[in-house]
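What follows is a short report on a single structure.
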Amino acid sequence: MTQDEEEYEFKITAQEPESLASEAGVTEKGKHEEALESRPIPPVESCSRPSDADEDDVQDLEALSEVQTNSPPYSVFSKRKKHFIVILAAWGGFFSPLSANIYFPALTTLTREYKVSSTLMNLTLTSYMVFQGLAPTIFGDLADMAGRRPAYIIGFIIYIGANVGLALQSSYAALFVLRCIQSTGSSATIALGNGVVADVAVSSERGTWIGYVTSGPMVAPAVAPVIGGLLAEFLGWRSIFWFLVIMAGVYIIPFVIAFPETGRNVVGNGSVPPQGWNMSLLNYLELRRSRRSQNELTQATSRESSRAAQVDLAKKRKLRFPNPLGTLRVISQKDTGLLLLYNSLVYTAFYDVIASAPYLFAEIYGFNDLQIGLAFIPFGVGALAAPLMAGKLMDWNYRRVARELNFKIDRKRGDDLRNFPLERVRVWVAVPFLAIGTAALLCYGWIVESETSLAAPLVMHFLMGLFLTGAFNCMSVMMVDYYPSSPATATAANNLVRCLVGAGGTGIINIMIESMGRGWCFTFIALVVAATSPILWVLLKWGPQWREERRVKMETKEETEP
């Protein structure tokens with residue numbers, strides 16, 4: 001090899017990945033330009049919306065749009081890697097509602113064992129929901145600041161310890177306190193899951209991806225009583241908490257080994273190597289292997305580049321003690337505050353159905369713990385299908401509205417949503433879900449009032465699980481869209497409001513049923529949801545303006561900060 005060839009090879013080896021990507025982009029651009037020179041370039045109007053062109057034209061236009069910009073992709077994770085990330089995030093989000101509801105079938109048994117009233121035992125449900133709302137305000141800010149992996153790991157350490165304590169405790173006071181700690185450890189996972197999706201998915205496909213990640217949390221309230229009923233009936237109530245310990249242990253192993261850091265203020269779009277405490281075991285092994293395989297000069301260049309990228313991101317984030325006030329600032333905004341209020345009422349409506357079902361089914365049909373658990377299956381099927389169906393519909397509606405406005409969707413780098421009617425995309429899907437779900441809630445009240453055959457309330461359970469849960473999911477996706485730079489904090493605000501309102505609702509639902517009657521109780525809940533639905537019209541009309549004002553204010557603040 002000549003001296004010139006050696007120098008050239010050294011330059012290629014020492015180049016950074018960004019330089020190689022840039023050269024590859026230039027080469028790709030030249031290929032496209034040569035290919036397009038031989039065919040007529042369509043007018044500007046037709047380039048803005050390729051839907052009327054044939055399939056070949058669509059592909060060429062998409063290729064043309066890709067080479068017209070040198071901006072980096074929104075996420076460097078492959079689709080296969082995204083699926084793995086979302087599956088683990090959905091599995092993690094399963095634990096919080098699983099722990100809340102697996103406990104339902106054992107309530108009667110625990111009431112007898114600890115010799116307390118049913119009202120006192122219901123306080124263990126209410127306190128769980130209170131901490132389910134409060135804890136994510138800390139963990140959400142921690143995750144947006146220090147990364148997703150540290151927040152997940154800290155949460156699961158607390159969760160596993162609380163479950164061991166619950167399995168061993170023998171007093172009502174210990175049960176009450178440990179349930180609060182259990183909720184603290186597990187409840188962050190829902191906020192973290194939505195944050196992970198916002199890290200890797202652009203707005204045009206976020207509905208589907210959040211549908212996947214919320215399928216675990218949405219189906220858990222219905223599946224958990226089935227599992228709890230089986231365990232309580234055949235192995236005793238303590239087995240419920242040992243089961244949760246085993247489940248958490250099985251989850252944390254693949255998480256620690258393979259789950260990558262996705263926080264955009266830590267790894268950017270995934271191209272910046274994570275720092276020590278954000279590394280998975282696979283990241284660490286890959287780093288060691290790459291250091292061994294590279295020569296000394298390349299190692300130095302690569303390390304220097306990685307260190308520079310990490311320092312640049314570190315300057316933008318300030319490591320500090322997690323501040324729950326960030327969540328309160330989200331609630332104080334006009335658009336997000338209204339959205340959170342309405343979303344919490346929808347959540348409380350379907351959670352009141354779940355919380356009162358053991359009491360009603362035992363009273364009307366004489367069910368035991370196992371039968372009560374099995375009766376939740378229809379609701380679980382509906383709740384599992386809801387986020388998947390709502391997510392697909394939201395993404396379809398996004399494409400439809402974009403086509404109407406000649407708005408070009410960039411799935412690789414993400415869309416500029418400043419002038420895009422985001423509210424219309426989400427709300428138009430939520431409205432029919434709300435109409436059907438509220439009607440089913442109204443009918444359910446009078447069905448249990450008349451004590452008809454079991455099939456009727458189970459059908460209503462399925463419809464409420466499908467449509468009320470689907471509407472809740474649409475509005476939760478909208479919250480993430482409102483705060484793309486801090487999605488975990490936005491979801492924590494959603495959790496805080498819905499859990500506090502839901503805790504109040506579940507705390508008094510049995511009292512309402514006894515004082516108002518079953519039919520009028522659920523009629524009242526349905527009327528509350530219907531009477532507050534004009535909030536959605538307000539968001540459609542003034543939401544885009546409020547969203548833009550907040551964006552300008554946040555950008556001005558960032559520019560003025562040192």
Side-chain angles (χ1 to χ4, degrees), residues 92-104 122-143 151 155 158-159 162 176-195 213-214 216-222 224 322 324-332 336-356 383 387 468-469 471-473 475-476 478-480 487-509 525 528-529 532:
F94 185 73
F95 283 94
S96 180
L98 172 71
S99 306
N101 297 278
I102 198 172
Y103 179 67
F104 281 173
N122 279 343
L123 283 178
T124 63
L125 300 177
T126 303
S127 62
Y128 186 97
M129 292 189 69
V130 169
F131 279 83
Q132 196 176 33
L134 293 175
T137 65
I138 301 292
F139 281 94
D141 187 56
L142 173 65
I158 295 171
Y159 177 71
F176 184 89
V177 172
L178 287 168
R179 280 283 287 176
C180 295
I181 298 174
Q182 181 194 42
S183 177
T184 300
S186 66
S187 58
T189 55
I190 298 175
L192 296 178
N194 285 356
V213 84
T214 55
M218 289 303 175
V219 73
L325 295 180
T327 301
L328 298 180
R329 283 194 291 270
V330 173
I331 298 171
S332 67
T336 54
L338 287 171
L339 180 62
L340 289 172
L341 171 63
Y342 188 68
N343 209 19
S344 68
L345 294 175
V346 174
Y347 174 83
T348 302
F350 72 74
Y351 209 84
D352 277 346
V353 172
I354 299 174
S356 61
L468 289 180
T469 305
F472 176 82
N473 189 70
M475 292 180 280
S476 298
M478 194 166 155
M479 272 301 302
V480 174
T489 300
T491 307
N494 194 8
N495 274 7
L496 176 63
V497 178
R498 74 179 174 88
C499 289
L500 292 182
V501 176
T506 55
I508 63 172
I509 183 62
I525 296 172
V528 170
V529 173
T532 53

Phe139 CZ to Asn495 CG distance, which is reported to the nearest 0.5 Å: 12.5 Å
Pairing donors with acceptors under 3.5 angstrom, does anything connect the side chains of Tyr128 and Ser186? yes
Taking every non-hydrogen atom, the tightest pair across Ala162 and Ile181: CB-CG2, 3.8 Å
Looking only at heavy atoms, what is the nearest atom pair of Ala100 and Arg179, with distance? O-NH2, 3.6 Å
Looking at every non-hydrogen atom in both residues, tell me the closest pair between Ile509 and Ser356 and how far apart they are. CG1-CB, 4.0 Å
Does the plane of the ring in Phe350 sit parallel, tilted or perpendicular to the ring in Tyr347? Use 30° and 60° as the thresholds. perpendicular
Report the C-alpha distance between Thr184 and Tyr159 in whole Å, list the side-chain angles of each, state the deciding distance to 0.1 Å, and finish with yes or no for side chain to side chain contact (heavy atoms under 4.5 Å, CB included). CA-CA 7 Å; Thr184 300; Tyr159 177 71; over 6 Å; no
Determine whether a donor-acceptor pair (N or O, by modelled atom type, separation under 3.5 Å) exists between the side chain of Thr469 and the backbone of Ala383. no
Search all heavy atoms of Leu192 against all heavy atoms of Ala143 and return the closest pair with its distance. CD2-CB, 3.1 Å
Nearest heavy-atom neighbours spanning Ala349 and Val529: CB-CG2, 4.0 Å
Using modelled atom types only, decide if a donor and an acceptor are shared between the side chain of Thr126 and the backbone of Leu123 within a distance under 3.5 Å. no
Distance only, no hydrogens: is a donor on one side chain within 3.5 Å (strictly under) of an acceptor on the other, for Tyr103 and Thr124? yes
Nearest-0.5 Å distance that lies between atom OG1 in Thr532 and atom CG in Leu341: 7.0 Å
Could you give me the CA-CA distance, side-chain angles and deciding distance for Tyr351 and Met129, then say whether side chain to side chain contact (heavy atoms under 4.5 Å, CB included) is met? CA-CA 11 Å; Tyr351 209 84; Met129 292 189 69; 3.6 Å; yes
Measure the shortest side-chain to side-chain distance between Asn343 and Asn494 over non-hydrogen atoms and say whether it is less than 4.5 angstrom. yes
Could you check whether any side-chain heavy atom of Thr336 comes within less than 4.5 Å of a side-chain heavy atom of Met479, counting everything from C-beta outward? yes
Could you tell me if the side chain of Leu134 sits less than 4.5 Å from the side chain of Leu496, heavy atoms only? yes
Distance from Ser183 atom OG to Leu125 atom CG, nearest 0.5 Å? 11.0 Å
Rounded to the nearest 0.5 Å, what separates atom CD1 in Ile331 from atom CG in Leu338? 12.5 Å
To the nearest 0.5 Å, atom CE of Met478 lies from atom CG of Leu340 at 10.5 Å
Under 4.5 Å between any side-chain heavy atoms of Phe131 and Ser187, yes or no? no
To check you understand the geometry: which heavy-atom pair defines the closest contact between Ser96 and Thr189, and what is its length? CB-OG1, 4.2 Å
